Protein chains: 2
Amino acid sequence: MDTAPPDRSPTLDDVAERAGVSRSVASRAINNVGNVSAPKRVAVQRAVRELGYVPNPSARALATNRVGAVVLAVATDEPGIFADAFFAQVIYGISVALEPTDFTLTLVLAGRPEGRAKLQQIVRSRRADGIMLMNLHGDDPLTRLAEQTTVPVVFGGRPLRGEPRWYVDTDNRGGARLATEHLIEAGHRRIATITGPLSLDVAESRHRGFRDAMAVAELPATRVEHADFSEAGGAAAMTRLLRAHPDLDAVFAASDNMAAGALRVLRAHGRAVPGDVGVVGFDDLPTAQHTDPQLTTVHQPVRALGAEMTRMLLSILDGARPTPLILPTRLVARGSTRTPVPG
Amino acid sequence: MDTAPPDRSPTLDDVAERAGVSRSVASRAINNVGNVSAPKRVAVQRAVRELGYVPNPSARALATNRVGAVVLAVATDEPGIFADAFFAQVIYGISVALEPTDFTLTLVLAGRPEGRAKLQQIVRSRRADGIMLMNLHGDDPLTRLAEQTTVPVVFGGRPLRGEPRWYVDTDNRGGARLATEHLIEAGHRRIATITGPLSLDVAESRHRGFRDAMAVAELPATRVEHADFSEAGGAAAMTRLLRAHPDLDAVFAASDNMAAGALRVLRAHGRAVPGDVGVVGFDDLPTAQHTDPQLTTVHQPVRALGAEMTRMLLSILDGARPTPLILPTRLVARGSTRTPVPG
DNA sequence: CAAGAAACTGGGAGCGCTTCCAGTCCGTCC
DNA sequence: GGACGGACTGGAAGCGCTCCCAGTTTCTTG
């Protein structure tokens, strides 16, 4: 009889014919659903191997209404934000978590209007089975996406307003408290902070953690400047802080990048770190080890964040209804703070 | 008559019915292919709008054998490599270039065996119309993927051996020459270099550029240590260099990260930068502005790299047969080198 | 040993779209 | 005025897969 033409990739029918079974049986054998006798199953497996058969995802998607893809949407406009190591780490975590499955990762930068439109399109046309959404600002219209759509959405980091049904976040508040307590224990009293944009929950939470710790120690949390999580922004904020509060003896910056900027300005002003001023960052990006002195900072498990978001989304697709997850942070003491004084 | 049930998203048939035309005409109108009279075209467009119709990509893919997705595969194992800002920038460039099209970006980390298998799977099952492949080591079996498969492959950076048909690269050799010449012009003579892993064309080319410039100036290019592009690797290499060549008065590090490591070691050894030792990096990542002193480095247009790869791939899918593209680099003089002495 | 249950099989009807092609409807030209 | 050509239309055949369901085979069990 005729054998499959070599210029066409084999279809399920080819496999079935070669294995001497019907297409249905072949399908069931391949998808490991029940009702296939052992010998036929083996025959199908052999045929698959011999033919080098790979199922056609489009056909499968059309038939099952599941496409085998999840999307990571990052709602950031500025290339600067996306370009830092943070998202690369998240992506790495997602990617590894996806490996054992046969889901595929679609990446959408949903900062600019074009990107957002694209995300809408992807969702509405069901090009993805689920969504991971990150970096939403407080009033982002994308939050509504989660309600409008039928595909499940997992948030990376809480949006500022409204608790989404599913999210994974790091313990920003606790981490910031840790950082501030570390400074207090090292004997600092006039502690300033540089926050991120307060329209972001991350920034808001870290600021709250700072105030928590200060309140407990009965210290004033009034030395505050706001910035945008960037190095340049951190530098500018530090400059303002020095002008407004020349007496400050420590700074908690809500990101490593801002801390790096602060470090630069402090040096330019002749303030020794950690001698005159202690500095703590947040994130523990690679940057933190490249500054001088190396940065004491709060480590957040970024890869795990990606991995856990993925796991959560997959479990939802699998019918589970998980609860939100908060990942722990920990302090990494390096050169930009003094060792805490005992007692 | 009955209207489309609200719980099912509208199909082409719904559109056709509402517009009072046949499915074929609706399809043609939507895809802007000929043979549709103006009034029917308008009617279809209206129906699309009113129904909020979005074509089902799976069905379309099944019928046309084009899926509307391209994949970016990054052949890196170590999280450290992927996690730096470089790939984030590339992705940003790709993403922006993809926005005006309706292609989607699928990301695959093809470093670990699982990831590579996944890439194979994606390609063989035609889950993507084209591939962008980055960071291949010299002997990477993935190079063969480009030959085995029928979907076009665009390389980001040449693989070490064998000139692929389509690639976009930065002028690594020229950039390294620039860097080295800069050091020479600043009066340095005992110039060392820290290379990347020479199984990577990037590393090899940058090393060659270094030797080019040294040869032209008739200086010995013998102060060489190899590392892995990482900060820690750069630091270790710098330590070895100082031991083997204590007289060195400048270093060209083939990446900013390695340069940052070198800076750290130089400081620890009491060598002033740029007073005692001039340092130049390569890449111009954000890191380069956070070091102390800020790093003189070779800027490469990373976002453009991503964008150009994308453009090239899309043009190929469109039937074009473009030629490889080499992107220019330029020197960015900052604090880690002295101003060149005139004459 | 018969009868009912359980396990297995494969035909066939879609999933939503594109596209070929045979047919219809005009306007035009000799 | 009839025939011809071009513009347009829509029926129908897939694309490759899943899954329902009716039918068949095999195994229990009283």
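Numbered from 1 within each chain, the chains take letters A, B, ... in sequence-line order. Just so it is clear, the structure is predicted and the values come from calculations on it, not from any experiment.
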| request: Look at the side chain of A/Ser24 against the base of C/dG11 and say whether a donor-acceptor pair falls under 3.5 Å; ignore hydrogens and angles. | output: yes
| request: Would you state whether a donor and an acceptor, one from the side chain of B/Arg28 and one from the base of C/dT18, lie under 3.5 Å apart? | output: no
Whole-Å gap separating [atom2] ([N]) and [atom1] ([X]):
X        : N      : atom1 : atom2 : answer
A/Arg127 : C/dG16 : CZ    : P     : 17 Å
B/Arg66  : C/dG16 : CZ    : P     : 23 Å
B/Asp14  : C/dG16 : CG    : C1'   : 10 Å
A/Leu12  : C/dG11 : CG    : P     : 13 Å
A/Arg60  : C/dG14 : CZ    : C1'   : 17 Å
A/Asp13  : D/dG14 : CG    : P     : 13 Å

| task | Would you kindly say whether B/Arg60 and B/Asn31 are connected by a side-chain donor-acceptor distance under 3.5 Å? | result | yes
Determine the contact category for [X]: base if any of its heavy atoms lies under 4.0 Å from a base atom, sugar-phosphate if only primed atoms, P, OP1 or OP2 are that close, otherwise nothing.
X       : result
B/Asn31 : sugar-phosphate
B/Thr11 : sugar-phosphate
A/Thr64 : sugar-phosphate

| Axial bend angle, the helix from C/dC1-D/dG30 to C/dC30-D/dG1: five-pair end segments, nearest 10° | 40°
